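Here's the structure, in C-alpha cells; my notes come after.
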Amino acid sequence: MSRAESRAPQTGAAPQTGAAPQAGAAPRAFRPRWSPDLLRSELATTFRRWRTLVLLAVLAAVPVLVGVAVRIQVGRSGGGGGDGRGPAFLAEIAGNGLFLVFTALAVTLPVFLPMAVGVIAGDAVAGEAHTGTLRYLLVAPAGRGRLLRAKFATVVAFCLAGTLVVALSALATGALLFPLGKVTLLSGTSISLGEGLLRALAVAGVVALSLLGVAALGLFVSTLTDSGVAAMATTVGLVLTAQILDGIPQLQAIGPYLFPHYWLAFADLLRDPVYWDGIQRDLGLQALYAAVFGSAAWARFTTRDITV
C-alpha cells in the first residue's frame, strides 16, 4: 500500500478496500466551554498564594483602622463620629455600627479594591508566562479559550471575595465597637436591622460587580506581556489614570464613559425607594468594559505565540 493510501483513514476518507473507517477518522469529540477541574485548580492556586492572602489581609485591616479611629474620636469628643468631613457615612458610624460597612466599602472602592483586583488580574496570564508554566498549561487538553475563561472567572471570584472580606470585617468591627440597631436611610426612612443587613449585602454585591471592568482590563493587559510585574503595574496605573481623568472638571464630557465614574452609585441602595438609575448605568458600563476587553484578551491570547 502506498503512503498516500495509508494516510487516507487519518484524513477522514474511506479506505479503498471498503473496510470500516478507523478510529482516527471519527469526528472530534465535543469539549465543553467550561472545565470544572480547571476552574477549581485556578481558584485553589490563586487563593493559596501568599500575595492573595496578604491582599485580603490588607483589605480586612482597612475597616478595623477606620472603626478604631472613629471609636477614639467618639471617646475624645463624647459625641458623633465625625464633623461632616471624610468618607461617606462616617458621621453615622457612632450611632450604628452597620454604617461602618458602607463607609469601609466607600473607602476601599476607589483605591484598595481596584488595586488588589489589578494585581490579581495583571498576574493571571503574564505571571504564568514569566514562570514558564503557561506553556505546560496549554499542553494539557484544556484549550486556550477555556483556560482564559477560567482565569477571568478566578479574577471575578477574587472581586467577590475581596468585597466580602471588607464587608464582613467592617460588620464584625462595627458590632464590637458600636451599637447596632435600626438603620436610618439617606431618605430619612428607618428600617430594621435585618433589612439593613440585607441592604448591606446588596451593596457588597454591587461593589463586587463594579470591579468587572478592572478585571477585564487587567486580564487583557496580562495577555500582552510576559512580565507579571509590568502587567500589574500597568493595570493599577490605568485604574489611577481613569480616576484622575474622571475628577478633572474640564474632562467631564468623557467621565460617564470611564469605568470608575459610577462606582459610588451603590449609595442609592440606601434610599427609600431605591434609585436605580446610577446603579444600572454602573453595571451596564462594567458589562461593556468586560465585553470589550474580554474579547480583546481572547483575541490576543488565542493567537499568541507561546514559546516559553
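Since the model is a prediction, treat every value here as computed from it, not as a measurement. Index from 1, following the sequence.
Within the 4.5 Å cutoff, the side chain of Pro63 has heavy atoms near those of the Val166 side chain. Within the 4.5 Å cutoff, side-chain heavy atoms of Phe259 are placed close to those of Val214. Looking at Thr234 and Thr225, their side chains never come closer than 4.5 Å, going by heavy atoms from C-beta outward. A 4.5 Å side-chain heavy-atom check between Glu92 and Phe102 finds every atom pair outside the cut-off. With a 4.5 Å cut-off on side-chain heavy atoms, Phe293 and Leu219 do not count as touching. Here the side chains of Phe220 and Ser295 are not in contact, with every heavy-atom distance at 4.5 Å or above. Put simply, the side chain of Leu160 does not reach to within 4.5 Å of the side chain of Val156, judged on heavy atoms. Side-chain contact between Tyr262 and Leu285 is present, with heavy atoms from C-beta onward closer than 4.5 Å.
When atom types are taken as modelled, the side chain of Gln286 and the backbone of Leu211 share no donor-acceptor pair closer than 3.5 angstrom. Here the side chain of Thr241 pairs a donor or acceptor atom with the backbone of Gly237 at under 3.5 angstrom. Here the side chain of Thr52 pairs no donor or acceptor atom with the backbone of Phe47 at under 3.5 angstrom. The main-chain N or O of Lys151 is never found under 3.5 Å from a side-chain atom of Glu42 such that the two would form a donor-acceptor pair.
Linking Ile, Leu, Val, Met, Phe, Trp and Tyr whenever their side-chain heavy atoms come within less than 4.5 Å leaves Leu270 and Tyr275 in two separate clusters. Linking Ile, Leu, Val, Met, Phe, Trp and Tyr residues whenever their side-chain heavy atoms come within less than 4.5 Å leaves Val101 and Leu65 in two separate clusters. A single hydrophobic cluster is not seen to contain both Phe99 and Leu168; linkage of ILVMFWY side chains at heavy-atom distances under 4.5 Å, directly or through other members, places them apart. Val155 and Val54 are not part of a single hydrophobic cluster, where members link through side-chain heavy atoms under 4.5 Å apart. Cluster annotation: Val274 is connected to Val207 through the hydrophobic network of ILVMFWY side chains, with a link wherever side-chain heavy atoms come within less than 4.5 Å.
Atom OG1 of residue Thr103 and atom CD1 of residue Ile93 lie 3.5 Å apart, to the nearest 0.5 angstrom. Distance check: Leu43 CG to Thr154 OG1 gives 4.5 Å after rounding to the nearest 0.5 Å. Going from atom CG of Leu245 over to atom NE2 of His261 covers 13.0 Å, rounded to the nearest 0.5 Å. For the atom pair CH2 (Trp263) and CG (Leu258), the distance works out to 10.5 Å, reported to the nearest 0.5 Å. Rounded to the nearest 0.5 Å, atoms CZ (Phe152) and CH2 (Trp298) are 15.5 Å apart. Atom CG of Asp123 sits about 5.5 Å away from atom CZ of Arg49, to the nearest 0.5 Å.
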Can you give the donor-acceptor pairs under 3.5 Å from side chains of residues 172-188 to other protein atoms, not counting sequence neighbours?
residue	atom	partner	partner atom	Å
Thr173	OG1	Ser169	O	2.8
Ser187	OG	Asp272	N	3.0

Could you list the donor-acceptor pairs under 3.5 angstrom formed between side-chain atoms of residues 107-115 and any protein atom two or more places apart in sequence or on another chain?
residue	atom	partner	partner atom	Å
Thr108	OG1	Ala104	O	2.8

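Across every non-hydrogen atom of Val125 and Ser222, the tightest pair is N-OG, 2.8 Å. The two residues Thr223 and Phe301 have their closest heavy-atom pair at CG2-CB, 4.1 Å. Heavy-atom minimum distance, Thr163 versus Ala204: CG2-O, 3.2 Å. Here the closest heavy-atom approach between residue Ala215 and residue Ala121 is recorded as O-CB, 3.7 Å.
Other residues sharing the hydrophobic cluster of Leu53, ordered by chain and number and joined by side-chain separations under 4.5 Å: Trp50. Other members of the cluster containing Leu198 do not exist, because no ILVMFWY side chain is joined to it at under 4.5 Å.
Applying the side chain to side chain donor-acceptor pair (under 3.5 Å) criterion to Asn96, with sequence neighbours excluded, gives no partner residue. Evaluation of the side chain to side chain contact (heavy atoms under 4.5 Å, CB included) rule for Leu55 yields Arg51, Ala116, Val119, Ile120, Phe158 as partners, not counting sequence neighbours. For Arg281, the side chain to side chain donor-acceptor pair (under 3.5 Å) test picks out no residue, with sequence neighbours left out. Not counting sequence neighbours, Asp246 has no partner by the salt bridge (charged side-chain N to carboxylate O under 4.0 Å, His left out) test. Residues satisfying the side chain to side chain contact (heavy atoms under 4.5 Å, CB included) test with Leu201, not counting sequence neighbours, are none. Residues meeting the side chain to side chain contact (heavy atoms under 4.5 Å, CB included) test with Val229, sequence neighbours left out: Ser227, Met232. Remark: Val206 pairs with Ser210, Phe266, Leu269, Ile279, Asp282 by the side chain to side chain contact (heavy atoms under 4.5 Å, CB included) rule, at least two apart or across chains.
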>> Under the criterion side chain to side chain contact (heavy atoms under 4.5 Å, CB included), I'd like the reasoning laid out for Leu100 against Leu171: C-alpha separation, chi angles, the key distance, then a yes or no.
In response: CA-CA 7 Å; Leu100 183 58; Leu171 181 60; over 6 Å; no

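Listed by first then second residue, pairs satisfying salt bridge (Lys or Arg N to Asp or Glu O under 4.0 Å) with a partner in residues 95-107 number zero, not counting sequence neighbours.
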